[in-house]
> 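Got a structure for you, written out below as structure tokens; questions coming shortly.
On a predicted model such as this, the values are computed, not experimentally measured, just so you know. Heavy-atom basis, side chains included; hydrogens, waters and symmetry copies ignored.
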Amino acid sequence: MTTRVGRRPRSSLAGLLVALVAAAGCVVGGVSEPEGQQPAPPRPGGGSSPGAEQNRADGTTSVAEFRQDVADAQSIAERYWAAQFRASGQRFRPIRRIIPYQRAGEVSCGGQPLPRNNAVYCSAGDFIAYDVNWSVAAFRQVGDAFVFYLLGHEYAHGIQARLGIRYSYTIQQELQADCMAGAYLGDSVRAKALRLADGDLEEFREGLLAVGDAPDQPWFAEGAHGTAEQRTESFFRGYERSLAACDLG
């Protein structure tokens with residue numbers, strides 16, 4: 001199966017993501033603490049595996065395509081991480097659910113309501129949740145690359161939880177997840193499971209530059225994700241050198 005990542009007009013990318021960061025504070029959230037009750041929202045309609053061949057035209061912006069892109073990204077991530085675990089002699093468990101939500105508080109993680117304009121991996125229920133309205137808006141302005149990066153980063157948090165990786169500072173967890181997302185995408189491209197359109201690497205780069213922490217954000221602050229330069233460097237280190245560059249131990 002080969003999935004092609006399409007593109008949108010490049011001029012809209014940085015402005016939109018900067019606005020999203022300002023609204024959300026955390027575009028791709030970290031791992032929640034494992035205590036608390038598990039949520040019970042319905043499974044998303046677009047979480048099934050894609051068909052044998054996916055070739056979508058650039059420029060389409062339908063919700064159906066967005067759902068298919070989420071499903072494609074999930075399917076590729078599951079196959080990628082299953083192969084990595086198998087190679088190291090470990091059993092792989094896919095993340096249980098990918099949950100879209102529309103309202104603040106509609107989904108909770110460990111008893112904490114999730115805000116709008118966000119995406120997060122919740123270890124309490126082993127799920128990824130994302131604000132579907134925010135995500136679709138970004139997809140329409142940025143393109144498929146945003147969806148694959150977003151899912152890859154949050155899936156990486158789920159892998160960190162499975163491997164028992166827990167850093168003292170949020171920024172360490174987040175930059176490693178950026179590196180792992182880069183490895184998942186780069187390795188998938190090299191394996192021909194994913195095809196990028198011309199200019200998509202630059203689109204990833206511009207997106208990462210837009211979602212960095214504010215210049216006055218202390219690196220040791222809870223919720224810090226890293227500067228634009230740190231996030232870009234971590235992602236492309238993983239993209240170019242695979243998981244060996246991500247300090248997984």
> Minimum heavy-atom separation for A177 and A156, please, with both atom names.
O-CB, 3.7 Å

> List the atom of P218, the atom of A224, and the distance in Å for their closest heavy-atom pair.
O-CB, 3.8 Å

> State, to 0.1 Å, how close S234 and D178 come at their nearest heavy-atom pair, and which atoms those are.
CB-CB, 4.1 Å

> Please step through ring-ring contact (aromatic ring centres under 6.0 Å, His included) for the pair F204 and F235, ending with a clear verdict.
CA-CA 9 Å; F204 281 129; F235 176 86; 5.4 Å; yes

> Less than 4.0 angstrom from a charged side-chain N to a carboxylate O is my criterion; do R162 and D126 meet it?
yes

> Is Y167 close to Q176 at the side-chain level, that is, under 4.5 Å between some pair of heavy atoms?
yes

> Take F139 and F66, measure what ring-ring contact (aromatic ring centres under 6.0 Å, His included) needs, and give me the verdict at the end.
CA-CA 7 Å; F139 158 77; F66 169 81; 5.5 Å; yes

> Counting distance only, does the side-chain N/O of Y101 pair as donor-acceptor with the main-chain N or O of P115 below 3.5 Å?
yes

> Please examine the side chains of R205 and L201, heavy atoms only from C-beta on, and report whether any two atoms are closer than 4.5 Å.
no

> State, without any angle test, whether H225 and Q230 hold a side-chain donor-acceptor pair at a distance under 3.5 Å.
no

> Is the CZ atom of R190 crowded by more than 12 outside heavy atoms at less than 6.0 Å?
yes

> Assess, by modelled atom type and distance only, whether the side chains of Y130 and N118 contain a donor and an acceptor separated by less than 3.5 Å.
no

> If you round to the nearest 0.5 Å, how far is OH of Y155 from CD of E78?
4.0 Å

> Is there side-chain contact between S135 and V147, with heavy atoms separated by less than 4.5 Å?
no

> Can you tell me how far SG of C179 sits from CG of L243, rounded to the nearest 0.5 angstrom?
7.5 Å

> Working to the nearest 0.5 Å, report the span between CD of Q112 and CG of L114.
8.5 Å

> Which distance, rounded to the nearest 0.5 Å, do you find between the OG of S62 and the CZ of R140?
7.5 Å

> Would you say the side chain of V120 lies within less than 4.5 Å of the side chain of I128, judging by non-hydrogen atoms?
no

> Under 4.5 Å between any side-chain heavy atoms of I171 and F220, yes or no?
no

> For Y169, is the OH atom crowded, meaning more than 12 foreign heavy atoms sit under 6.0 Å from it?
no

> Q160 versus R166: any side-chain heavy-atom pair under 4.5 Å?
no

> Give, for atom OH of Y121 and atom CD1 of I98, the distance between the pair rounded to the nearest 0.5 Å.
10.0 Å

> Heavy atoms, side chains only, cut-off 4.5 Å: are L248 and I165 in contact?
yes

> Shortest non-hydrogen contact from A193 to R79?
CB-NH2, 4.4 Å

> What are the two closest non-hydrogen atoms of I76 and S188, and how far apart are they?
CG2-OG, 3.4 Å

> Could you pull out the closest heavy-atom pair between S108 and G105, with the gap in Å?
OG-O, 4.3 Å

> Would you mind writing out the side-chain donor-acceptor pairs for residues 85-93 within the sub-3.5 Å range, not counting sequence neighbours?
{"residue": "S88", "atom": "OG", "partner": "Q84", "partner atom": "O", "Å": "3.4"}
{"residue": "S88", "atom": "OG", "partner": "F85", "partner atom": "O", "Å": "3.0"}
{"residue": "S88", "atom": "OG", "partner": "Q90", "partner atom": "NE2", "Å": "3.1"}

> Determine whether a donor-acceptor pair (N or O, by modelled atom type, separation under 3.5 Å) exists between the side chain of Q217 and the backbone of A214.
no

> Is it true that the side chains of E106 and Q102 contain a donor and an acceptor less than 3.5 Å apart?
no

> Show your working on side-chain hydrogen bond (donor to acceptor under 3.5 Å, both in side chains) between T227 and R231 and close with a plain yes or no.
CA-CA 6 Å; T227 66; R231 299 199 70 176; over 6 Å; no

> Supply the atom-to-atom distance I95 CD1 to H157 NE2, rounded to the nearest 0.5 angstrom.
10.0 Å

> When you measure from the side chain of D187 to the backbone of Y184, do you find a donor-acceptor pair of N or O atoms at a distance under 3.5 Å?
no

